[in-house]
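None of these values were measured; they are calculated from a predicted model. Side chains are part of it too, since the values below use all heavy atoms of this structure and drop only hydrogens, waters and symmetry mates.
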Amino acid sequence: MSRPKSRRELYSEATRAALLDTAAAMFAERGFARTSLDDIAVATQVTRGAVYHHFESKQAVFEAVFDRLEQDMMARVSAAAAGQPDPWQAGMAALESFLDLCCEDRYGRLCWLEGPIALGWDRWMDYEKKYAFALIDAFLAAARDAGMLAPLPASVTSQLVFHLLGGVGRTISEAAEEDRKAARDGCAVTIRAMLNGLRA
């Protein structure tokens, strides 16, 4: 049986969570380059030293924010897919959830626009492969096992769908806020038509 957490541990966890909440809001509003650790500390009402207690750099703060957003994406997309009558419909429900997420300021801007800048291309792609690619590959494998996909090379199919969805994410995220819903709906119609070409 694990021991109960001390008051200091609980305070430390709460401080870290507050820092990430504040940082996510500021990165989404100002962008990575125009947000400093001092800005985050002041807005969270903690000292700069408290920030460095949890994170060694601004990039480390962003990486923690980014990782949390990706985990939330996985949970929300998986929840949307759960209970669907077959793997294809599960994938389509997951797609709709993903498109909705791309319309949100935090996920859309931080994951698709700020991520490559803040983390560097290679590190950003590592995250996308860990989360997005793994999820796409799993959905396609389930549809393939159910006999719902055409006999195409599995690894190539997953890679191309992964990059296709990346393009969708950027297209929606780059749209002006007033145009984002239209961009999302246009992407939904187009990508569904493209994915239907994979069906058996």
Side-chain angles (χ1 to χ4, degrees), residues 20-21 24-25 27-29 31-32 62-63 65-119 121 124-144 146 148-150 152 154-200:
L20 291 180
D21 287 340
F27 287 142
E29 180 184 352
F32 176 76
F62 185 93
E63 191 160 347
V65 167
F66 188 88
D67 189 66
R68 191 164 69 164
L69 285 170
E70 290 285 35
Q71 289 186 41
D72 179 63
M73 178 276 291
M74 293 277 284
R76 289 172 65 174
V77 166
S78 298
Q84 296 296 323
D86 63 56
W88 186 262
Q89 292 185 62
M92 293 301 101
L95 172 64
E96 292 296 320
S97 179
F98 168 74
L99 295 174
D100 289 340
L101 267 170
C102 290
C103 291
E104 296 180 9
D105 286 336
R106 289 194 186 185
Y107 182 80
R109 180 169 185 181
L110 298 187
C111 288
W112 295 109
L113 306 183
E114 298 293 329
I117 297 169
L119 302 177
W121 179 263
W124 178 70
M125 282 300 295
D126 285 343
Y127 269 105
E128 290 307 305
K129 288 174 183 175
K130 176 182 176 181
Y131 291 113
F133 179 83
L135 200 58
I136 291 164
D137 196 45
F139 277 119
L140 290 173
R144 188 177 298 108
M148 305 181 81
L149 291 189
L152 298 167
S155 61
V156 173
T157 301
S158 293
Q159 284 285 348
L160 291 180
V161 172
F162 166 66
H163 289 295
L164 179 62
L165 287 175
V168 166
R170 288 195 66 87
T171 297
I172 296 172
S173 303
E174 288 173 345
E177 187 174 358
E178 63 272 19
D179 300 326
R180 210 169 288 158
K181 177 67 165 55
R184 179 241 185 266
D185 292 344
C187 284
V189 171
T190 305
I191 197 169
R192 275 180 173 269
M194 298 172 81
L195 292 175
N196 278 332
L198 300 175
R199 299 198 66 173

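- Panel note: side chain Asn196, backbone Arg192; a donor-acceptor pair is recorded below 3.5 Å.
- Ring orientation note: the planes of Tyr127 and Tyr131 are close to parallel, at an angle under 30° on the 30°/60° scale.
- Residues Arg144 and Asp137 are not paired through a salt bridge, judged by the lack of any N-O separation under 4.0 Å between the basic side chain and the carboxylate.
- To the nearest 0.5 Å, atom CZ of residue Arg170 and atom CG of residue Leu165 are 14.5 Å apart.
- In terms of heavy atoms, Met148 sits closest to Trp88 at CE-CB, 3.4 Å.
- At a threshold of 4.0 Å, the pair Asp126-Lys130 does not count as salt-bridged, since none of the basic side-chain nitrogens sits closer than that to a carboxylate oxygen.
- Residues Asp100 and Arg76 fail the side-chain proximity criterion, which asks for heavy atoms closer than 4.5 Å.
- Residues passing the ring-ring contact (aromatic ring centres under 6.0 Å, His included) test with Phe139: none are found, sequence neighbours excluded.
- Between Glu29 and Arg109 there is no side-chain heavy-atom pair separated by less than 4.5 Å.
- Counting only distance, with no hydrogens or angles, the side chain of Glu114 and the backbone of Phe32 share a donor-acceptor pair below 3.5 Å.
- Crowding of Glu177 atom CD: a count of heavy atoms from other residues, nucleotides or ligands under 6.0 Å not exceeding 12.
- Contact check for Arg180 versus Asp105: side-chain heavy atoms found under the 4.5 Å cut-off.
- The closest donor-acceptor contact from the side chain of Trp112 to the backbone of Gly167 lies at 3.5 Å or more, if one exists at all.
- Summarising the geometry of Ala28 relative to Leu110, their closest heavy-atom pair is N-CD2, 3.6 Å, with the distance given to 0.1 Å.
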